[in-house]
Amino acid sequence: MIDQRFDPKAHEQRIYQRWEEAGCFRPSMDTSAEAYAIVIPPPNVTGSLHMGHALNNTIQDILCRFERMRGKNVRWQPGMDHAGIATQMVVERQLAASGNQDRRSMGREAFIEKVWEWKEQSGGTILNQLKRLGASCDWENTKFTLDEDLSAAVNKAFVDLYNEGLIYRAKRLVNWDPQFQTAISNLEVENKEVDGHMWHFKYPLAGGETYTYVEKDADGNVTLEETRDYISIATTRPETMLGDGAVAVHPSDERYAPIVGKLCEIPVGPKEFRRLIPIITDEYPDPDFGSGAVKITGAHDFNDYQVAKRGGIPMYALMDDKGYMRADGEDYAAVAAVAQRIAEGKEDFDEAKIAAMNLVPDQYRGLERFEARNAVVADITAEGHAVMIADPKHKDEETDAPLIPYVENKKIMQPFGDRSGVVIEPMLTDQWFVDAETLAKPAIAAVREGRTKFVPENWDRTYYNWMENIEPWCISRQLWWGHRIPVWYGPMADASGGTDGGVMPFVAENEKSSFTKVKEYYEQLLGAPVKVSLLPDRLRGKTEFYLTKDIDDGSYHVYVDQDPDVLDTWFSSGLWPFSTQGWPEQTDGLKAFYPGATLVTAFDIIFFWVARMMMMGIKFMDGEIPFKDVYIHAIVRDEAGKKMSKSEGNVIDPVDLIDGIDADSLVDKRTTGLRQPEKAPQVEKATRKRYPKGFEAYGADALRFTLAAMATKGRDINLSVDRVAGYRNFGSKLWSATRFAQMYEAKFETPVNPSSLGLALNQWIIGELYKCCADVSEAIEDYRFNDAADAAYHFVWDVFCDWYLELSKPILQGDDGAEKEEVQTVLAWTLERIFELLHPFMPFITEALWEQTATRSDFLMLRKWPGLSEGYHNQDAADELGWVLKTVSQIRSVRADVNVPAGAKVPVSLIDASAKTARCVEAHRDVIMRLARLEKFDVAETAPTGSVKTVVDEATVALEIADLIDAKEEVARLDKQLGKLGGEITGLEKRLGNDAFVAKAPAEVVAEQRERLADLQGTQAKLSQARAQLADL
RNA sequence: GGUCGAUUAGCUCAGUGGUAGAGCACUGCAUUGACAUUGCAGGGGUCACUAGUUCGAACCUAGUAUCGACCACCA
């Protein structure tokens, strides 16, 4: 006999280990079976399991277990992402906390070694947590994006794209994170609205020139006309004025037409040398916004960058990598003089020249960017270049109001680094880019043509929206942790061995092949033997030593230096569906498991990952898409619909739901080692704030079932612990039902042949089981996990436990050996099918029940899915048991209505019963008497006087409880029912009386309604009769 | 500004044109026979609003209101 209760702690980890040891997670590699692959969204190596992961992986596991049971060759590909910035951040922080050197003084190699050390010790917590959840991943094939083979795939992908011109290096304006001192992609920038200011300044015209400034209203009437010697500019970032290259106005803006082409002065910096910049026209400025004139700072604003590129305006970079005003280069006066000549068109310029020019006036050099802003504003204002307005707070006539500098307080959108949280700075730097536009085209087509489908499908709009407006993808990161860019630079040289300090890139899959390329190149160029070595640190920057000639034999020595940058983490993630299967080798895994069946992920990762996998997969796998379906699931929120966040204190840790959280055992929990040590206290605190008393250990099954039951398409999940408790109870119910079966010696491992069953009860339950199986299968196939969970839940609890088990009791406790044996067999058989049916949702408890109900040689996990045929359904049995259920329910309901004591046994007669009903009475008398607590249950001609009546189908059920009832109350009870019936009947009559309905509605609907009306009228007649008899009393 | 979504019972949510549902909460009754992590019975809804399409609308269409998410934004 199994234990009285299911204790998750006693079974979950034990069973998981059994599966793992037996190799249950491995693909069958059965070539006759259909292959089925899901690649896990590789969690960050720094990650620990949160509710989103729990949902994501529960869904994948349900699909994998379901398809595995259906006989497919399943690989659920697990692994982890090296997560460049996140990991580097964690390790750097740890180094700092333990008083170590920072990474720069430590050096690249030593630092990376530290990260690997950290990875071995603390990384990958999440994989063990996934095991706690029951994830049936193919662990033996676990991959890490920085593994040797995956790194080789990354390099190959890079080289191939480079050779096709789809990867290129360019100086462009990119998002720069001043904290991490690296470029990041657009996607890693979060735009947030913050309180900001917009300052209005006057840029004086060169040489004190003046013009007539005229403003007109919509009808062309002049509203303002004055002589000005300046142009008014509005800006939210005054510190960038130092890098202005022009002022732009819209070509149609008549106000400024007189001064277009003239020069104006940037009103900041040393008075003796104010820089002059041209006033130009461009389509970009909106004449209706601000003053209509825009300062153009090409190196510090994305819009300005476009204008500057169009207009050939120089873009002066003002800041260093840390977001401080530049302090390098020549002093301001010298540089500004050059800039002046450029602005006046008197001197040519090129990118390199501009890049070297530091136009930050001496007094601002080295200031942090926000300090610089304050200083610039103060200086300009002090000097009287702020636009002045009448103080709006002043109550008097406008003319009397004092003038104050015009500064608007307004909400502005500001970019923040999603990891660092600091304000992102647009910076002009050399970076590597992927031509995403070209790669996106076939990826868009794949979805348009339905080769890859989004579920729910409306997400394709989001995908198109982004893909059709995709920007070049900046893939280089100025970090150390990641795939180093496979590019080596040699010195730019001429045939005589002369160098100019420039570099020549060699792109190759590894160092060795790059050296071969370098050697070939220089030998051809120089016509002499060439030896190649990697540039040692001590020579870095000393370009004169990069190419040297041996005076003795005339051979050359070339030093090459690998690009110091690493690739965006998502570059390697984009290759995940095929790099994990061994690409570029044509492995069996690759052949079988690409393309995958379904990608399961949350919407926030569509751009980051799904889009990139689509582009890369199609590119490298001969146009074959990486997966057929993309199932986009919900975001898990707290029960009030708020996003779970540590600061809100509403985080629920999935592992806490599995293991329980006890208010007093904080210490105990920390020793489980399931969380990152440095993270654990915070999570504890957050959960405990919300659940001060803690909560029970609900087990992985309860959590999984809850998530599945709530996983409706296209809606967020508001998770409540109560709900988890509810589904834990469901597991308990199944457990105790199995105990019941064991108690009555149910015959497990015994086949059932539907056609040889003698009892309607058994024919009925296997028919119900058949329906349930069909519903669950269809729902999972259709990604309706909530429907699948509901169908199983309802069948097990409401049909199997509440009815079948109760109905079977008289037989199991009775004397008829043959009947008893049939029930023992069907009971066990149905339970076994239930275990199978629930296994994808609740793998642990079902496997535990499987192993403990018989001596078994197999795992439930590897059994065949119960795909029952329609032959299991028997309509006669269904009708018969349907009648039994109705009859019992009706009698129970009446008993409760008229307050018959629960223990009292009541005699009941059945009036006007048909022959068929009479046969049912004979067949099921015992069980009905037992379940409805009857003293007798017989067919009769007439109802005894003083009985309480209800109607089941054609028959009136009379409860002989004259002594218990009050005639008045009984009349009231019947009237209430009649009232309800009457309302429904009227509605039906009205509908059926409507010719249009009868004429236009489908015939079966009309027939159905007619039948229903007839039924209701029959019931009404019988109840009315009963009422009439009572009234006579 | 663009896109997507939500509004159904006290709460959290299912429900793709034909009798409004679940879980939790609530009320009454039931405790030595699988299960109190239970059983039986019950109360509770103008399906946000307006108009339309339809024989028929929670569901389709248009609009309104409120809430939310994402993307892009005026220097």
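Computed over heavy atoms, backbone and side chain alike; hydrogens, waters and symmetry mates excluded. Just so it is clear, the structure is predicted and the values come from calculations on it, not from any experiment. Note on naming: letters A, B, ... go to the chains in the order of the sequence lines (proteins, then strands), and numbering restarts at 1 for each one.
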Of the nucleotides B:C4, B:U38, B:A72, which has the atom closest to the A:Trp797 side chain? B:U38
Any strand is fair game: report the nucleotide pairing with B:U54 by Watson-Crick or G-U wobble, both distances under 3.5 Å, or none. none
Counting side-chain heavy atoms from C-beta on, which of B:G5, B:A34, B:G18 comes nearest to A:Asn458? B:G5
Within the distance-only criterion (no hydrogens, no angle test), does the side chain of A:Asn469 pair as donor or acceptor with the backbone N or O of A:Asn465 below 3.5 angstrom? yes
Pairing nucleotide - B:C35, Watson-Crick or G-U, each distance under 3.5 Å: none
Ignoring hydrogens and geometry beyond distance, is a side-chain donor-acceptor pair present between A:Asp282 and A:His250 at under 3.5 Å? no
Is B:A41 paired to anything, Watson-Crick or G-U wobble with both distances less than 3.5 Å, and if yes, which nucleotide? B:U27
Partner lookup for B:U19, please. Criteria are Watson-Crick or G-U wobble with both distances under 3.5 angstrom; report none if nothing qualifies. none
Is there a donor and acceptor pair, one atom on the side chain of A:Gln890 and one on the base of B:A41, closer than 3.5 Å? no
B:C70 and B:U16: how far apart are their P atoms, nearest whole angstrom? 27 Å
Given the P atoms of B:C71 and B:A48, what is the spacing between them in whole Å? 29 Å
Please determine, for the side chain of A:Gln4, which listed nucleotide (B:C35, B:U12, B:G18) has the closest atom? B:C35
Is a side-chain donor-acceptor pair under 3.5 Å present for A:Ser185 with A:Glu188? yes
In the structure shown, which nucleotide is the Watson-Crick or G-U wobble counterpart of B:G68, with both distances under 3.5 Å? B:C4
Roughly how far apart, to the nearest Å, are B:C49 and B:G43 at atom C1'? 28 Å
Could you tell me if A:Lys410 and A:Thr236 have a donor-acceptor pair between their side chains, going purely by distance under 3.5 Å? no
